[in-house]
Structure formats: structure tokens, C-alpha cells
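Some notes on the structure that comes next.
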Amino acid sequence: MKVFKFGGASVKDANGIKNVASIIEKYGEKNLVVVVSATGKTTNALEEVIHAYFKNEDAKAKFDIVKNNHHTICKDLFGNENHVVFDKLQNIYAEIDWQLEEDRKESYNYVYDQIVSQGELISSVILSAYLNEVGVANTWLDVRDVMKTDDTYREAIVDWTKTQALMNTVVKPLTKDSIAVTQGFIGCTAENCTTTLGREGSDYTAAIFANMLDAENQTIWKDVPGVMNGDPRVFDDAVFMDEISFNEAVEMTFYGATVIHPKTIKPLQNKNIPLLVKSFINPEGKGTKVGGNDNNLPPIRIVKNSQALITLHTKDFSFVEDDVVATIFNSFSKANLKLNMMQQGAISFEAVVDNIPEKIEKIKADLQDKFDFVIEENLSILTIRHYTNFDLINKHKGDKNAILEQRRPSTYQGLLV
Ligand code: ASP
Ligand code: MG
């Protein structure tokens with residue numbers, strides 16, 4: 001059993017889908033689950049539909065953009081507009097049209113999931129139909145029939161017991177002689193309402209399949225040759241790494257590397273299932289094996305932008321002792337804002353966070369009786385794992401100043417201004 005995951009960039013247009021089909025044809029046979037994301041920037045476009053709907057603007061016009069994009073892809077792929085795929089898509093669109101006509105607006109997060117999830121349904125229907133067209137037998141699987149979650153819309157939690165049972169009874173027999181083509185990112189409550197697992201969640205969906213089906217491996221097909229020691233758009237000397245351990249991958253995602261979704265590693269690591277990160281542009285390339293060894297890793301550089309430094313001063317000059325720290329942590333936790341770096345002084349505490357103004361305001365409101373706040377914006381965190389010397393750190397700081405620095409033998413972090 002193998003699991004392939006194709007992200008939005010790989011299926012962004014007709015040529016992309018043709019390429020994905022050729023990869024599936026070449027490297028897959030039966031015993032394969034193909035997990036696909038929405039095409040290109042469709043999820044963002046569907047978010048626009050939702051914004052318009054809630055602001056009572058012309059949501060249908062925004063949705064027409066999504067329909068047109070897919071219409072173009074299908075015309076390029078199938079030529080003939082009488083192809084059954086056009087009817088299938090009409091049925092999906094009808095669901096959204098119906099929702100958009102509704103005046104009664106249910107909760108934002110609920111509506112969000114009902115609409116945004118359609119992107120994956122559309123892309124998977126198109127990919128499955130195209131595979132059939134080119135003679136690659138496959139079965140389209142509605143992932144909502146197996147991926148059972150709670151009702152935390154937009155960040156749904158998977159029910160492992162129920163999902164595992166359905167993997168056994170539905171997916172295992174289905175993949176015995178066939179390829180299953182299904183959707184990433186989405187799930188379903190016990191009441192049959194659609195949920196999503198959080199933005200960019202398709203890697204995670206694939207990892208759940210891999211775990212529950214005891215896959216031999218999972219491949220994420222990307223537009224980079226593998227996992228690199230820095231985002232190639234930021235570091236022009238980035239090189240790709242043959243293999244890294246699960247541990248290194250978790251550390252990298254923790255510090256902000258976006259090559260793999262943070263939740264993806266655990267289900268694979270738990271069953272020691274290797275994750276292969278390969279290029280859909282150059283599928284022959286070796287790619288990176290995550291779940292291997294960390295032999296001679298080069299320095300790994302990660303930059304996190306849009307950071308804010310929040311300095312909290314105790315109003316009554318009391319020391320920042322355990323109870324004060326506990327109060328601060330509690331407030332950040334309630335606002336669901338992660339501390340990316342922190343430093344404690346005598347009567348002050350410095351916290352570096354993603355600059356999300358609503359969340360910061362919440363914390364301010366919560367703690368303003370006890371603390372004065374100073375907030376500095378437009379900062380970035382540079383993390384270097386396995387730095388070899390200070391010249392390297394200075395080179396990467398360039399002409400920026402580090403206003404907070406932390407160094408351990410394995411990891412350097414600087415807050416740059
Ligand atoms: N299409 C979803 C998103 O863009 C899920 C994914 O791409 O993994 O967030
Ligand atoms: Mg996507």
C-alpha cells in the first residue's frame with residue numbers, strides 16, 4: 001500500500017493534471033491512495049466567496065470565477081463539453097449555489113467548511129475522470145465517507161477509532177485491485193456535515209491514510225526537488241537533502257519551515273512509515289526521505305516574517321516570578337497565540353509572536369490591569385539549525401540587527417529588525 005499526495009500547484013491547470021496522471025500511471029498500480037488538494041489557488045478563491053457572502057456582496061460573481069477556472073481546465077482536458085465530468089461538476093456547484101441563496105446565515109466557521117471543501121471535491125472529480133479517460137482504472141472516493149471528525153469547523157479533530165474502522169471496511173477492499181482517488185483537507189461529522197482539518201491540511205490527510213492502512217510509504221509530490229536546507233525563494237544557495245530524520249522534520253516545521261504541514265509527521269513516525277518528498281516536475285529525481293538518518297546535515301535556515309515583539313512590564317514593579325509567568329502563558333494560550341521566542345527579565349517579559357492583531361488585542365485586554373505593553377512590529381525570526389560558526393550567522397543576518405538572540409548547540413535564533 002502506498003499513498004500519494006498532490007498539492008494545488010501540481011494540478012493548477014490542464015497540463016498539471018496531465019502530468020499528475022502520468023506520474024500515477026508510471027509509479028502507481030493498485031494498492032494506492034491518491035490524495036489531492038484543490039487546484040491552484042482555488043481554496044483562497046473560495047474564501048473570497050465566503051467573505052462576500054457574509055458581507056452581503058456578490059458572492060455568486062466570486063463563485064463564477066472558480067467555476068470558470070475549472071471549466072477552462074475541463075475544456076482543455078476533455079475537449080468535448082458533453083463529457084460526464086461537466087454534469088458531475090454542475091452537481092457540486094448546485095450545492096454551493098443553494099448555500100449562497102440561503103438568507104439564513106449559520107455560523108461563519110460552519111459555512112466556511114461547507115463552501116471551501118468543494119475545491120477538493122471538484123479537483124478530485126476532474127483528476128479521477130481524466131485518469132479514466134487515459135485508461136488508468138481508479139475509483140473516486142468521497143473522503144467524507146471515511147474521515148470522521150468532531151464538529152470543530154475549520155480545525156476539525158479526527159476520530160481515529162471510527163476512521164480506522166471505515167478504512168478497514170471501505171478503503172482496504174477498494175484499493176485491493178484499484179487506485180482510490182480522494183480529497184485531502186476535508187472530513188465529516190457524525191451528523192454528516194462537512195468539516196475541514198485546517199489550511200494546507202492535505203498532507204495530514206495523506207498521513208492519516210498511510211498510518212491507518214499501514215502503508216509502505218507516503219509520497220508528497222511538490223514543485224521542489226525535495227526538502228531543502230532553506231526556502232529556495234529566499235536562499236539561492238539552498239541544497240536538497242537526501243534524507244532527514246522524523247525528529248529533524250518536526251523541528252524544522254516547528255520553527256516555521258512550510259515544506260511539510262506540521263501535523264503530518266506524527267502519524268507517520270508512530271508507525272515508522274517513511275515520507276518521500278519528490279518533485280512532480282522531475283519525478284525521476286531521488287527526492288528526500290523523511291524518516292531516515294541525519295548524516296552530515298548542512299545548516300538549515302528558516303525565516304519567519306511578520307513577527308511582533310510584545311514587551312510586558314509589571315505595573316507595580318513586582319518581579320516576573322512563576323505566578324506572573326503562569327498568568328502570561330495562560331493569557332497567550334486562551335488567545336491561541338503561540339510564543340515563537342521568549343525572554344524573561346526582572347520586571348518584564350518579552351514574547352515574540354506571529355503578528356495577528358486580533359489575538360494581540362485580546363491578550364492586551366486580558367492583561368492590561370497588571371502590565372504595560374510595548375509592541376514592536378515588522379520583525380522576522382531567523383533560525384539556523386546546525387550552524388557551524390558565527391561567520392555563518394553573521395552572513396545570514398546581513399545588514400539587519402538582532403534585537404534578541406538565543407543560541408543552543410544545535411540551534412541559533414535571532415529576532416531581526
Ligand atoms: N486546499 C487546501 C488549502 O489550500 C488544503 C491543502 O492545500 O492542503 O489550504
Ligand atoms: Mg492548497
Side-chain angles (χ1 to χ4, degrees), residues 3-13 16-17 20 33-51 62-63 65-67 69-70 73 89 92-93 95-96 108-109 111-128 140-144 146-147 149 152-158 181-188 194-211 218-224 227 231 249 253 256-268 275-280 290 354 356:
V3 178
F4 283 1
K5 182 263 174 173
F6 293 96
S10 68
V11 289
K12 70 175 195 296
D13 53 21
I17 293 173
V20 164
V33 176
V34 174
V35 173
V36 68
S37 300
T39 63
K41 299 271 177 246
T42 297
T43 307
N44 294 356
L46 288 168
E47 284 187 340
E48 299 265 314
V49 174
I50 297 155
H51 291 156
K62 298 269 183 201
F63 188 41
I65 301 175
V66 174
K67 289 185 191 170
N69 287 344
H70 290 100
I73 293 177
L89 295 185
I92 296 177
Y93 299 155
E95 296 257 324
I96 302 192
Y108 185 90
N109 289 352
V111 173
Y112 179 100
D113 277 1
Q114 308 320 303
I115 293 183
V116 92
S117 55
Q118 305 297 318
E120 271 68 12
L121 292 168
I122 298 171
S123 63
S124 60
V125 160
I126 297 175
L127 177 62
S128 172
W140 182 82
L141 168 71
D142 188 331
V143 81
R144 296 171 297 182
V146 296
M147 193 64 70
T149 71
T152 318
Y153 294 103
R154 297 187 70 180
E155 208 55 72
I157 310 224
V158 173
V181 174
T182 196
Q183 308 82 43
F185 179 51
I186 70 184
C188 183
T194 305
T195 52
T196 64
L197 310 180
R199 283 301 308 266
E200 309 300 332
S202 299
D203 289 0
Y204 179 48
T205 301
I208 296 168
F209 272 96
N211 173 297
Q218 170 182 333
T219 308
I220 300 186
W221 297 89
K222 294 193 70 90
D223 56 0
V224 287
V227 179
D231 183 337
T253 57
T258 53
V259 60
I260 306 163
H261 187 276
K263 280 182 175 168
T264 310
I265 306 298
K266 189 167 181 276
L268 299 175
L275 171 66
L276 310 173
V277 180
K278 291 183 156 224
S279 159
F280 62 76
V290 178
D354 292 345
I356 306 172

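One-based numbering, in listed order, for ligands and for the atoms of each.
Short contacts between ligand 1 and F185, defined as distances under 4.0 Å to a heavy atom of the residue, involve ligand atoms 2 (C), 5 (C). Heavy-atom proximity to S37, at under 4.0 Å, picks out these atoms of ligand 1: 6 (C), 7 (O), 8 (O). Residue contact check: R199 has heavy atoms under 4.0 Å from atoms 3 (C), 4 (O), 9 (O) of ligand 1. Of all atoms in ligand 1, numbered sequentially from 1 with element shown, those under 4.0 Å from a heavy atom of T43 are 1 (N), 2 (C), 3 (C), 4 (O).
For the residue pair W221/S279, the side-chain donor-acceptor check at 3.5 Å is not satisfied. For the residue pair T195 and T149, a side-chain donor N or O sits within less than 3.5 Å of a side-chain acceptor on the partner.
On a distance-only criterion, S202 and ligand 1 share at least one N/O pair closer than 3.5 Å.
A side chain to side chain contact (heavy atoms under 4.5 Å, CB included) with S37 holds for exactly one of S123, S124, S202; it is S202.
Residue contacts with ligand 1: G184 is excluded, as none of its non-hydrogen atoms falls under 4.0 Å.
Across E47, E120, K41, K5, heavy-atom proximity to atom 5 (C) of ligand 1 is greatest for E120.
Q183 and T205 get closest at one heavy-atom pair: O-CG2, 3.7 Å.
Judged by distance alone, the side chain of D203 and the main-chain N or O of T264 form no donor-acceptor pair under 3.5 Å.
In this structure the side chain of V35 never reaches within 4.5 angstrom of the side chain of F4, judged on heavy atoms.
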